[in-house]
Amino acid sequence: MSGIVASRNYVQSFAEQTITITGIVANDPKIQEKEVSFSLDHVYLNYSTKMQNSQVYVKLGDTAERFEKSDKLTLKGKALDGFGYYDLYL
């Protein structure tokens, strides 16, 4: 099994668990009605595990916070199975 596949399998093993992730906003956040969504890369899982070559898709409900590309964030929530190029969805 390649290192990338092993890494994706490890990250995806956290689906359905409450996790803490720290990462960098990878794109300009999309704001639609009462939601904001964006991707995180350079992600650390539970403060210590570097998620090699992984991206996480994040969707937040109504928030007064405004995020920009390159912001560093720490988020806590329930991880769901990713889709497409995303290893997790938070």
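If you read the sequence from its start, that first residue is 1, and numbering goes on from there.
Lys30 is linked by a side-chain contact (heavy atoms from CB on, under 4.5 Å) to Ser37, counting only residues two or more places apart in sequence or in another chain. Not counting sequence neighbours, the partners of Asp41 by the side-chain contact (heavy atoms from CB on, under 4.5 Å) test are Ile24, Ala26, Gln55. Take Lys78 and apply the salt bridge (Lys or Arg N to Asp or Glu O under 4.0 Å) test, not counting sequence neighbours, and it matches Glu16.
The closest side-chain heavy-atom distance from Ile21 to Tyr44 is not below 4.5 Å.
Within the hydrophobic cluster formed by Ile, Leu, Val, Met, Phe, Trp and Tyr side chains joined at under 4.5 Å, directly or through other members, Tyr57 is accompanied by Leu80, Phe83, Tyr86, Tyr89.
Shown here for Val36 and Pro29, the closest heavy-atom pair between the two residues is CG2-CB, 3.7 Å. The shortest heavy-atom contact between Leu88 and Ala15 is CD2-N, 4.2 Å. Leu40 approaches Val25 most closely through the heavy-atom pair CD2-N, 3.7 Å.
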Give every donor-acceptor pair under 3.5 Å between a side-chain atom in residues 66-75 and any protein atom, sequence neighbours left out.
from: Asp71; atom 1: OD2; to: Glu68; atom 2: N; distance (Å): 2.8
from: Thr74; atom 1: OG1; to: Thr22; atom 2: OG1; distance (Å): 3.1

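Screening Leu60, Val56, Asp28 for a side-chain contact (heavy atoms from CB on, under 4.5 Å) involving Phe38 leaves a single residue, Leu60.
At distances below 3.5 Å, at least one donor-acceptor pair connects side-chain atoms of Asn46 with backbone N or O atoms of Thr20.
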